[in-house]
Q: 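Just passing along the structure, written as structure tokens.
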Amino acid sequence: STGSAAAVPINAEFDIAYVTPVTLGTPPQTLQLDFDSGSSDLWVFSSHLPTSQIRGQEIYAPNKSSTAKLLDGHSWSITYGDGSGSRGNVYTDNVTVGGLMVERQAIECAQQVSSSFTSEAHIDGLVGLGFSTLNTVSPKSQLTFFDNAKGALDSPVFTADLKHKQAGTYDFGFIDKAKYTGEITYVPVNNDPGYWTFSSSGYAVGSGNFSASPISGIADTGTSLIYLPTAVVTAYYRQVQGATNSRSYGGYVFPCSATLPSFTFGVGEARFTIPPAYMSYAAVTPGSSTCFGGLQSSNGVGINIWGDLALKVAFVVFNGGTPPTIGWAAK
Ligand SMILES: CSC[C@H](NC(=O)[C@H](Cc1ccccc1)OC(=O)N1CCC(N)CC1)C(=O)N[C@@H](CC1CCCCC1)[C@@H](O)COc1ccncc1
């Protein structure tokens, strides 16, 4: 079997996250979920949430689904890198993504979400696509949608074709040759503790020379930006007039009028260049002439992260075979 579903940017201006329609239960309840290769819980806004924590999101009501079953005595609680979090109880039910159905998928129903989730009306929950070792359900941890689907897939892979300010796709079980050009460069994945961790072969700032120093980081569809070591980040912002690392804004900012260099990263012999226009994010406050950089330091995060900003200039194959690998191709 295979599946294919749209990845739609939630913000018309900046690609800060992408959501994908997912149907849950019988009769089907459709929610817009953020597919996140940086975590491994499938959780949703639910009928178990206080209404004060729901502001425009769609909810999943297990008691309205004839195929929902309570996973008795199980709970979950998760905190993300940006400090947001949620927790609740667990049901199993049918979950369908782009024509691909998994029966008895653990659906983690939120009983509490942090304020940043309440204020993000476009995200009704997450589908974790990291390795199942990261799943937070207790006392028995649960499998991700991908791990549950894997055995039935034509090939044990999913691919991400994210785009700038337009809908892309997540495909499951097959590699669509129409979505990329040239060859796919595969590199090893270290899935301990459970991220899609791979080694980039180096980077270049603008037209500068390529620095061939390996950078270990995670391929993370659930993170908007790129978080890399300080040496890389300072080399980049040294080329940006008026750039500063702002404590108050929590990262590198610069005048929105600044001329930005492109940023190139390597995967094996392959090279991927992020154009200058993609390297600036929202103004720090609406209407401000100070903009937030797409490249930030990983110092405060603890791991290097290749988020949507890097993923959207490539076609990426998450190969869940043995051993797992990750493939990057131009498009
Ligand atoms: C440095 S990990 C920060 C990262 N969260 C982001 O990237 C959020 C995404 C977002 C959220 C809500 C609206 C719009 C965008 O966006 C921003 O933080 N920003 C974008 C906008 C920009 N102006 C400021 C910075 C993050 O926790 N991801 C996790 C998934 C994420 C959680 C929040 C909801 C959306 C999905 C996940 O993959 C990585 O989990 C961990 C990473 C490292 N150790 C532990 C966990």
Side-chain angles (χ1 to χ4, degrees), residues 7-20 22 31-45 53 55-57 76-87 108 110 113-131 133-136 144 160 162 170 193-197 216-229 233 245-246 248-254 256 278-286 288 290-312 316 318:
V8 183
I10 64 168
N11 174 300
E13 269 302 286
F14 302 91
D15 307 323
I16 52 175
Y18 298 82
V19 288
T20 296
V22 176
L31 274 62
Q32 306 303 318
L33 303 183
D34 186 346
F35 283 28
D36 176 26
S37 60
S39 67
S40 306
D41 285 48
L42 191 165
W43 74 264
V44 293
F45 272 67
Q53 296 185 24
R55 201 172 302 149
Q57 294 82 4
W76 60 282
S77 175
I78 194 163
T79 304
Y80 296 103
D82 56 22
S84 61
S86 49
R87 61 178 168 79
E108 301 169 33
V113 299
S114 61
S115 57
S116 61
F117 280 115
T118 298
S119 58
E120 185 42 73
H122 299 93
I123 296 177
D124 303 332
L126 268 67
V127 174
L129 295 173
F131 291 86
T133 42
L134 291 177
N135 180 263
T136 74
T144 64
L162 300 182
Y170 287 111
Y195 299 112
W196 290 88
T197 308
S216 171
I218 71 171
D220 184 0
T221 57
T223 286
S224 317
L225 310 181
I226 298 175
Y227 296 84
L228 293 177
V233 178
N245 188 3
S246 158
S248 56
Y249 292 127
Y252 282 86
V253 300
F254 43 78
C256 297
Y278 290 18
M279 295 301 290
S280 171
Y281 267 74
V284 289
T285 49
S288 161
T290 301
C291 280
F292 199 76
L295 173 59
Q296 295 295 338
S297 168
S298 57
N299 268 2
V301 182
I303 45 174
N304 298 316
I305 302 183
W306 302 93
D308 299 333
L309 177 53
L311 297 165
K312 69 186 176 188
V316 184
F318 294 78

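As the structure lists them, so they are numbered: ligands from 1, and atoms in each ligand from 1. Heads up: numbering here begins at 1 and tracks the sequence.
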Q: Tell me which one of L162, D15, I16 satisfies side chain to side chain contact (heavy atoms under 4.5 Å, CB included) with D308.
A: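 The single option meeting the side chain to side chain contact (heavy atoms under 4.5 Å, CB included) with D308 is L162.
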
Q: Hey, could you give me the OH/CG distance between Y227 and D220, rounded to the nearest 0.5 Å?
A: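 Output value for this atom pair is 9.5 Å.
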
Q: May I have the N/O to N/O pairs between ligand 1 and the protein that fall below 3.5 Å, each with atom names and distance to one decimal?
A:
{"from": "ligand 1", "atom 1": "5 (N)", "to": "D82", "atom 2": "OD2", "distance (Å)": "3.0"}
{"from": "ligand 1", "atom 1": "7 (O)", "to": "S224", "atom 2": "N", "distance (Å)": "3.1"}
{"from": "ligand 1", "atom 1": "16 (O)", "to": "S224", "atom 2": "OG", "distance (Å)": "3.2"}
{"from": "ligand 1", "atom 1": "27 (O)", "to": "G81", "atom 2": "N", "distance (Å)": "3.0"}
{"from": "ligand 1", "atom 1": "27 (O)", "to": "D82", "atom 2": "N", "distance (Å)": "3.2"}
{"from": "ligand 1", "atom 1": "28 (N)", "to": "G222", "atom 2": "O", "distance (Å)": "3.4"}
{"from": "ligand 1", "atom 1": "28 (N)", "to": "T223", "atom 2": "OG1", "distance (Å)": "3.2"}
{"from": "ligand 1", "atom 1": "38 (O)", "to": "D36", "atom 2": "OD1", "distance (Å)": "2.7"}
{"from": "ligand 1", "atom 1": "38 (O)", "to": "D36", "atom 2": "OD2", "distance (Å)": "3.4"}
{"from": "ligand 1", "atom 1": "38 (O)", "to": "D220", "atom 2": "OD1", "distance (Å)": "2.8"}
{"from": "ligand 1", "atom 1": "38 (O)", "to": "D220", "atom 2": "OD2", "distance (Å)": "2.6"}

Q: What residues, two or more places apart in sequence or in another chain, satisfy side-chain contact (heavy atoms from CB on, under 4.5 Å) together with T20?
A: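 Counting only residues at least two positions away or on another chain, T20 forms a side-chain contact (heavy atoms from CB on, under 4.5 Å) with A5, A7, F35, Y170.
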
Q: How about T136 and E108: do any of their side-chain heavy atoms sit closer than 4.5 Å?
A: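 A side-chain contact under 4.5 Å exists here.
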
Q: How would you list, by chain and number, every residue that makes a side-chain contact (heavy atoms from CB on, under 4.5 Å) with S288, sequence neighbours excluded?
A: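 Per chain and number, S288 pairs via side-chain contact (heavy atoms from CB on, under 4.5 Å) with A283, V284, T285, T290.
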
Q: The criterion is side-chain contact (heavy atoms from CB on, under 4.5 Å); which residues satisfy it with A17, sequence neighbours excluded?
A: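 Expected list: I10, D34, I123.
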
